Amino acid sequence: MINAKTTALSHSMLRSSTALSSPVNPRQLLSAGPVQDTGAQLLQGPRSLPARGFSPVDSFESGVINRRQPLPQEFQTAAPAPQASGSGVPSANDKRPAGDTRSAADIVNDTPVLKSLGRQKDIKFEQLCKQTGIDPKLDLKDAKQNPDAVYRLAKVLEFIDSAKAATGGERSNKVQGGQGDGNIEGITKSGDARHGTEAGMVKDFAEKGYSFLGEHQLPTTKDTHVKADGSNKDNFQWFAGEAGKALWFLPGVSNVLTGVGNSEGGFKGVLEGAATGYLNTLKGVAEGVVGSITKGRANPASILFGGAMGALGSTEAAPQPVKDIANLF
């Protein structure tokens, strides 16, 4: 006679054999952990049973929903790296980078261009403070000063101090390795800021704010007192430069005067500028002479003509069409 009463063991074996012969539940395949052995739980007694029993859904929920596993490496996408505050063009939202705990005084001492900033009328210091959030009633190094605001002003001044020339070229005598020389140039003796200079950019920022900061280069200008590198010419330099332009048809004289006009100023600067102009003329003459010889015109007249054309072609103040024609010979 067959005993129809099932035992816990036979019940467990029946469920195991049924699970083997039944189709695989897709939700079980998604389980992130091993499927629990329910038969083993039943053999251990009623106390080992889960609170509400076991089902494939439990495995699915505990494995996928409650124990989320990371995606395989090949399916993961890297999160974009956070950009440092104040990088690139300065903005009104700039703050000290993470980990930068410097005080306002520390930032001033670490920023030469801010430390040496003057208070001439066209610097418009109070408006600079308004644009960056600085309290103009307090000294920049005051302990109550907002260090993030001082940091913003420092970044603006460094951006201007390291700008390229108005043509987009490098200002190698003013900017080295992306860092300016720490001096805002372009202020006249009367405190005015010339357009096309660093001081002119500071004035424009004070008046217009961050919307003015776009291209990282000096604005173009027609002011003949402004040199190509954005600094001022004193009256002597200005006169020499203008005379060099007027006498472009005399290459030696023109280049010397132009060199003085583009010099750093002062007695030493004037001598260096004049020497540079003179050497440029000699170089042009030498190239013209060599050119006339290599082209088969090795006679005194051709050599003199070649030297003159070479000098004219190297004359900085000469009109470009004239230099182009001279360089053809």
Side-chain angles (χ1 to χ4, degrees), residues 163-177 181 185-186 188 194-198 200 215-329:
K164 294 184 177 182
T167 58
E170 300 295 333
R171 297 191 298 150
S172 56
N173 59 330
K174 301 292 182 183
V175 181
Q176 297 289 335
D181 59 4
E185 297 190 58
T188 66
R194 293 191 182 279
H195 184 67
T197 66
E198 297 167 348
E215 296 293 331
H216 194 197
Q217 63 185 51
L218 300 173
T220 57
T221 181
K222 295 181 179 179
D223 191 338
T224 55
H225 277 81
V226 176
K227 293 187 286 187
D229 63 9
S231 57
N232 276 346
K233 294 180 181 180
D234 60 29
N235 289 333
F236 176 73
Q237 289 175 287
W238 176 83
F239 175 80
E242 293 301 300
K245 292 178 183 178
L247 299 174
W248 63 265
F249 50 88
L250 299 175
V253 176
S254 177
N255 278 340
V256 169
L257 291 174
T258 301
V260 172
N262 291 332
S263 69
E264 290 293 321
F267 182 72
K268 180 181 178 182
V270 166
L271 290 180
E272 291 177 347
T276 299
Y278 179 70
L279 291 175
N280 286 340
T281 304
L282 292 181
K283 180 182 177 182
V285 171
E287 290 175 348
V289 170
V290 172
S292 65
I293 295 174
T294 57
K295 292 177 182 178
R297 300 192 299 267
N299 58 75
S302 296
I303 291 175
L304 289 175
F305 181 77
M309 290 298 101
L312 189 58
S314 66
T315 303
E316 185 176 341
Q320 190 59 46
V322 172
K323 290 193 285 187
D324 292 339
I325 294 173
N327 289 329
L328 293 176
F329 295 95

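Counting from 1, the numbers follow the sequence of the chain as shown. Computed from a prediction, not measured in an experiment: that's the story for all the values here.
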Output a table of donor-acceptor pairs, distance under 3.5 Å, between side-chain atoms of residues 239-254 and any protein atom two or more places apart or on a different chain; print 'none' if there are none.
residue: E242; atom: OE2; partner: K245; partner atom: NZ; Å: 3.3
residue: S254; atom: OG; partner: G244; partner atom: O; Å: 2.7

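Separation of atoms CD (Q237) and CG (N232) is listed at 9.0 Å; rounding is to 0.5 Å. In this structure, CG on L282 lies 9.0 Å from OG on S314, to the nearest 0.5 angstrom. We find the CG-OG1 distance between D234 and T188 to be 12.5 Å, quoted to the nearest 0.5 Å. Remark: T167 OG1 to E170 CD distance equals 9.5 Å, nearest 0.5 Å. Rounding to the nearest 0.5 angstrom, the gap separating the CG atom in N262 from the CG atom in L257 is 11.0 Å.
The nearest pair of heavy atoms linking A311 to T315 is O-OG1, 2.8 Å. Taking every heavy atom of both residues into account, A163 and L218 meet most closely at CB-N, 4.2 Å. Nearest approach of K323 to A318, heavy atoms of both residues: CE-O, 3.5 Å. N327 and G313 make their closest contact through OD1-CA, 3.5 Å (heavy atoms, listed as atom of the first residue, atom of the second, distance).
T281 is linked by a side-chain hydrogen bond (donor to acceptor under 3.5 Å, both in side chains) to N255, counting only residues two or more places apart in sequence or in another chain. Q217 meets the side chain to side chain contact (heavy atoms under 4.5 Å, CB included) test with K164, E215; sequence neighbours excluded. Under the side chain to side chain contact (heavy atoms under 4.5 Å, CB included) criterion, D324 pairs with Q320, not counting sequence neighbours. With sequence neighbours excluded, no residue forms a salt bridge (charged side-chain N to carboxylate O under 4.0 Å, His left out) with E316. Qualifying side chain to side chain contact (heavy atoms under 4.5 Å, CB included) partners for H195, counting only residues two or more places apart in sequence or in other chains: D204, P219, T221.
Without hydrogens or angle criteria, R194 side chain to G186 main chain gives no donor-acceptor distance under 3.5 Å.
Contact check on K174 versus E185 returns a salt bridge, with a Lys/Arg side-chain nitrogen under 4.0 Å from an Asp/Glu carboxylate oxygen.
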